[in-house]
Amino acid sequence: MPLSQLSPTQKRKPRPKEGNTYDLIILGSGIAGLAAARLAEKDNKSVLVVDKGRRLGGRVSTRRKNGFLFNHGAQFVTAKGNEFAALLADARKAGILKDWRIDPAKTVQIGTQSMSDLPQFMARGLEIRQQIEVTRIAHIGPNIGFFSDAGLIACGRQAIVSAPAPQTAHMLANIYPDLAATAELAKYDPCWTIMLGLEADIEPFGQSQDQFFPIRNEAAGISLAVPEPLRFVYQPDLIPPTPSALTIQASGKWSQQYRDEDRQTVIAQLCTIWEKISGQPLPTILDASAHRWLYAKVTEVANENTPPYSDDKKMAIAGDWLRGPRVEQAFDSGTAAYRTLC
Ligand SMILES: Cc1cc2nc3c(=O)[nH]c(=O)nc-3n(C[C@H](O)[C@H](O)[C@H](O)COP(=O)(O)OP(=O)(O)OC[C@H]3O[C@@H](n4cnc5c(N)ncnc54)[C@H](O)[C@@H]3O)c2cc1C
């Protein structure tokens with residue numbers, strides 16, 4: 001009987017790994033890697049996801065610091081295709097996502113508490129090892145071995161690498177040079193993000209509370225500046241999990257220009273721009289930090305005419321850099337990578 005016709009209680013357990021060998025190993029617990037892993041798990045394959053970050057989700061990320069919460073990676077998600085829309089619908093049903101009016105004309109979806117709610121939802125039931133940096137990938141007999149500096153992590157009969165393009169290119173240069181060459185074609189803008197913990201809330205500037213939207217002013221250097229409590233403005237019954245936090249993300253052009261600037265200068269500059277646009281001084285800053293996303297938003301995707309998998313059908317590549325600069329495109333690349341292999 002096909003799996004899809006089995007009820008959840010009838011579903012077989014995933015095939016156990018044999019020793020340290022999995023059916024599939026995935027490098028990267030970002031949205032692309034998680035999308036592929038979910039399909040493998042549905043097909044009852046033994047699958048391991050390995051990621052060097054402290055938390056899963058890659059660039060869909062939330063940072064907590066000194067009592068403040070900052071969504072410092074992707075700010076929201078939108079769905080154009082059916083498969084990602086179905087995932088978002090499931091997440092909404094589970095109370096993970098909600099609507100957010102980002103400007104008078106646009107409603108998007110965000111995590112009910114934070115953006116990292118979505119990758120955590122996608123990761124349910126998966127075997128994921130965080131804080132392990134893969135430093136080498138090599139053939140071991142018919143399998144593919146993933147290594148850290150401490151030695152062999154595990155082997156996969158097949159594998160997917162979903163790191164940002166430059167890291168994928170570096171990792172696959174020796175073992176699958178064609179895939180590495182494809183990865184070298186992608187280009188990104190960096191994104192400077194500053195996170196400010198404030199003494200008081202930011203008041204709506206020249207607007208009423210229900211017409212208070214984040215600043216989006218690429219020409220001035222800010223792609224999005226979100227007072228984090230604004231994500232809860234239509235839910236007065238819900239207490240924001242963060243006191244007055246402000247996350248400011250610089251535009252791609254500004255981030256390129258200030259790419260190698262020190263953090264203090266970046267913080268000072270972006271605060272000045274924010275005050276100029278909003279026309280009001282920032283409340284007292286209790287905590288300030290900056291994060292530079294070196295590979296933030298894809299500006300040129302890798303050549304779509306090159307197959308994103310190896311001739312021996314053991315290795316596939318995935319990531320937003322194969323499709324476009326949004327979370328949905330990372331998701332689509334992950335599902336496509338899995339389907340080309342399996
Ligand atoms: C500041 C910012 C704002 C954004 N805003 C939006 C938005 O509002 N809406 C939207 O749709 N998109 C937005 N994006 C884009 C979106 O976040 C990405 O397109 C998407 O999350 C990419 O997913 P991914 O799985 O392809 O890559 P990633 O999320 O980058 O995942 C790759 C993973 O690989 C891991 N990795 C890399 N090298 C190794 C290694 N050697 N060993 C182990 N692990 C490794 C990394 O730790 C990472 O977790 C934004 C991005 C940024 C940076």
Side-chain angles (χ1 to χ4, degrees), residues 25-37 48-63 70-80 84 88 100 102 106 108-111 115-116 118-119 122-123 128-137 146-149 153 160-172 183 186 188-195 214 216 222-226 247-252 255 290-299 301-302 317-337:
I25 297 197
I26 299 174
L27 185 158
S29 64
I31 298 299
L34 292 175
L48 172 69
V49 182
V50 182
D51 195 291
K52 67 179 178 181
R54 267 177 60 200
R55 289 177 212 91
L56 54 85
R59 277 171 275 160
V60 181
S61 172
T62 304
R63 185 183 285 190
F70 305 97
N71 293 292
H72 72 312
Q75 293 291 333
F76 55 83
V77 289
T78 49
K80 292 186 177 159
F84 192 56
L88 299 192
W100 185 38
I102 196 162
K106 187 170 180 181
V108 296
Q109 300 195 55
I110 57 174
M115 285 309 291
S116 62
L118 178 63
M122 292 175 73
I128 301 179
R129 294 194 211 155
Q130 292 294 141
Q131 294 187 277
I132 298 184
E133 179 164 9
V134 176
T135 51
R136 193 164 68 91
I137 301 175
F146 279 62
F147 297 82
S148 70
D149 283 344
I153 304 163
I160 295 175
V161 172
S162 71
Q167 294 157 357
T168 297
H170 175 73
M171 201 85 64
L172 297 182
Y188 298 78
D189 267 344
C191 177
W192 269 115
T193 299
I194 66 165
M195 293 155 272
R216 302 170 89 185
I222 289 184
S223 77
L224 199 71
V226 183
T247 305
I248 304 179
Q249 294 182 326
S251 67
S255 300
H291 179 82
R292 186 186 63 176
W293 296 99
L294 204 46
Y295 309 118
K297 296 191 191 164
V298 174
T299 53
V301 294
I317 46 179
D320 56 354
W321 51 273
L322 283 156
R323 299 262 171 159
R326 294 184 302 111
V327 170
E328 178 172 24
Q329 288 157 320
F331 174 89
D332 287 344
S333 80
T335 55

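Every number for a ligand or one of its atoms is a count from 1 in the order of the listing. We're numbering straight along the sequence, starting at 1. This structure is a prediction, so every number in the text was calculated from the model and none was measured.
Nearest heavy atoms, Q130 versus S29: OE1-OG, 2.7 Å. In terms of heavy atoms, A74 sits closest to M115 at O-CG, 3.3 Å. Counting all heavy atoms, side chain and backbone alike, A163 lies closest to L27 at CB-CD2, 3.7 Å.
On a distance-only criterion, G33 and ligand 1 share no N/O pair closer than 3.5 Å. Taking distance alone, with nitrogen or oxygen atoms compared against 3.5 Å, D320 approaches ligand 1 more closely than that limit.
Nearest to atom 48 (C) of ligand 1 among the protein's heavy atoms is D51 OD2, 3.4 Å. Distance from atom 27 (O) of ligand 1 to its nearest protein heavy atom, with residue and atom name: R59 NH2, 3.1 Å. The protein heavy atom nearest to atom 44 (N) of ligand 1 is K52 N, 3.0 Å. In terms of protein heavy-atom proximity, atom 5 (N) of ligand 1 is closest to A74 CA, 3.2 Å. Regarding atom 8 (O) of ligand 1, its nearest protein heavy-atom neighbour is Q75 N, 3.0 Å. Considering only non-hydrogen protein atoms, atom 34 (O) of ligand 1 sits nearest to G28 CA, 3.6 Å. Nearest protein heavy-atom contact of atom 23 (O) of ligand 1 is A330 CB, 3.4 Å. At the top of the distance list for atom 31 (O) of ligand 1, counting protein heavy atoms only, stands G30 CA, 3.5 Å.
Ligand 1 places these atoms under 4.0 Å from at least one heavy atom of G58: 29 (O), 48 (C), 49 (O). Each of the atoms 32 (C) of ligand 1 lies under 4.0 Å from some heavy atom of S162. Atoms of ligand 1 found under 4.0 Å from any heavy atom of V327 (numbered from 1 in listed order, with element): 10 (C), 11 (O), 12 (N), 16 (C), 19 (O). Numbered from 1 in the order shown, with element, the atoms of ligand 1 that lie under 4.0 Å from a heavy atom of E133 read 41 (N), 42 (N). Close approach of ligand 1 to A32 is summarised as follows: ligand atoms under 4.0 Å from at least one heavy atom of the residue are 25 (O), 26 (O). Each of the atoms 34 (O), 37 (C), 38 (N) of ligand 1 lies under 4.0 Å from some heavy atom of A163. Under a 4.0 Å criterion applied to the non-hydrogen atoms of I132, ligand 1 contributes the atoms 42 (N), 43 (C). Near M171, meaning under 4.0 Å from any of its heavy atoms, are these atoms of ligand 1: 41 (N).
Side-chain contact, T135 with D149: a donor N or O sits under 3.5 Å from an acceptor N or O.
When the heavy-atom distances from atom 15 (C) of ligand 1 to P119, P325, C191 are ranked, the shortest goes to P325.
Checked by atom type and distance alone, the side chain of R59 pairs as donor or acceptor with a backbone atom of A296 at under 3.5 Å. Looking at T247, its side chain never comes within 3.5 Å of a backbone N or O of F70 through a donor-acceptor pair. Using a distance-only test at 3.5 Å, with no hydrogens or angles considered, a donor-acceptor pair links the side chain of Q249 to the main chain of H72. Judged by distance alone, the side chain of S251 and the main-chain N or O of S223 form no donor-acceptor pair under 3.5 Å. Checking side-chain atoms of Y188 against main-chain N and O of A165 turns up a donor-acceptor pair under 3.5 Å. No donor-acceptor distance shorter than 3.5 angstrom exists from the side chain of Q131 to the backbone of R54, with no hydrogens or angles considered.
The shortest distance between side-chain heavy atoms of I31 and P119 falls below 4.5 Å. At a threshold of 4.5 Å between non-hydrogen side-chain atoms, the residues I153 and I25 do not count as touching.
Contacts of Q167 with ligand 1, taken as heavy-atom pairs under 4.0 Å, involve the side chain alone. Proximity of W293 to ligand 1, defined as any heavy-atom pair under 4.0 Å, is confined to the side chain (atoms from C-beta onward). Within the 4.0 Å heavy-atom criterion, the part of K297 lying near ligand 1 is the side chain and not the backbone.
Using cut-offs of 30° and 60° on the angle between ring planes, the pair F84 and F331 is tilted.
Put simply, part of L27 is less than 4.0 Å from ligand 1, judged by heavy atoms.
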Just do the side-chain contact (heavy atoms from CB on, under 4.5 Å) check on Q329 and V301 with the steps written out, would you? CA-CA 11 Å; Q329 288 157 320; V301 294; over 6 Å; no

